[in-house]
Amino acid sequence: PPQKYSLESLVQSSEGTEIVWDCRSEMKDYLRTLSDAKSRPAEKRAAYREMKSLRKEIRTREEKVVGQILRDSSVVFATNVGAASSVFHRTRDAKGESISFDLVIIDEAAQALEASCWISLLRGKRAVLAGD
């Protein structure tokens with residue numbers, strides 16, 4: 001089944017995501033504190049600071065995992081808009097350069113906006129435009 005090769009599935013089964021789940025669990029606890037009308041303002045401020053820190057930790061760890069998956073993958077499927085995501089921009093290869101691809105294939109190219117195609121086209125060495 002192709003679902004097991006999806007980015008979401010690969011991220012969830014990757015090493016290091018256990019910490020992300022723990023961070024999300026902690027965030028739920030802090031969210032309860034923020035939602036509780038009986039919580040004192042000082043508690044709410046502390047909970048807000050902790051949630052902000054946890055969000056940053058989650059984002060950093062997830063980007064690291066996604067970057068590693070992209071670097072290790074032979075084939076990557078993405079929409080034109082998905083290719084513009086910040087993860088693609090931040091991910092670097094072994095030489096420290098932005099990742100690029102040998103071949104970019106744009107399906108339904110006649111229906112795609114030219115500007116959105118450039119996002120993907122600039123990431124590849126060669127391109128195939130397919131479709132009506």
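Note that the numbering runs from 1 along the sequence shown for the chain.
For residues 108-130, the salt bridge (Lys or Arg N to Asp or Glu O under 4.0 Å) pairs, not counting sequence neighbours, are Asp102-Lys125.
Considering all non-hydrogen atoms of both residues, Ser73 and Val76 come closest at CB-CG2, 3.9 Å. When all heavy atoms of Ile58 and Cys23 are compared, the closest pair comes out as CG1-CB, 3.6 Å. Across Met27 and Met51, no two heavy atoms sit closer than the pair CE-CE, 3.9 Å. Minimum interatomic distance between Ile106 and Ser120 (heavy atoms only, all atoms of both residues): CD1-CB, 4.3 Å. Between Ile119 and Asn80, the closest heavy-atom pair is CG2-O, 3.6 Å. Between Ala83 and Ala78, the shortest heavy-atom contact is N-CB, 4.3 Å.
Residue-environment remark: CD (Glu8) stays at or below the threshold of 12 foreign heavy atoms within 6.0 Å.
Interatomic distance, CD of Glu18 versus CZ of Arg61, reported as 10.0 Å (0.5 Å rounding). Taken from NZ in Lys28 to OG in Ser35, the straight-line distance is 13.0 Å, to the nearest 0.5 Å.
Under 4.0 Å is where a charged nitrogen must lie from a carboxylate oxygen, and between Arg24 and Glu62 at least one such pair does.
With Ser9 contributing its side chain and Ser6 its backbone, the two residues share no donor-acceptor pair below 3.5 Å. At least one donor-acceptor pair closer than 3.5 Å links the side chain of Thr60 to the backbone N or O of Lys56.
Results of the side chain to side chain contact (heavy atoms under 4.5 Å, CB included) test with Leu54 over Glu26, Arg49, Arg59 single out Glu26 as the only residue that passes.
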Intermediate values then yes/no, side chain to side chain contact (heavy atoms under 4.5 Å, CB included), Lys64 and Gln68: CA-CA 6 Å; Lys64 185 178 178 183; Gln68 189 61 45; 6.0 Å; no
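With sequence neighbours excluded, the residues forming a side chain to side chain contact (heavy atoms under 4.5 Å, CB included) with Val11 are Leu7, Thr17, Val65, Val66, Ile69, listed by chain and number.
No continuous path of ILVMFWY side-chain contacts below 4.5 Å connects Trp21 to Tyr30, so the two sit in separate hydrophobic clusters. Hydrophobic clustering (side-chain heavy atoms under 4.5 Å, transitive across Ile, Leu, Val, Met, Phe, Trp, Tyr) keeps Phe77 apart from Leu70. Hydrophobic clustering, with ILVMFWY side chains joined whenever heavy atoms are under 4.5 angstrom apart, groups Leu122 together with Leu129.
Residues Leu34 and Ser39 fail the side-chain proximity criterion, which asks for heavy atoms closer than 4.5 Å.
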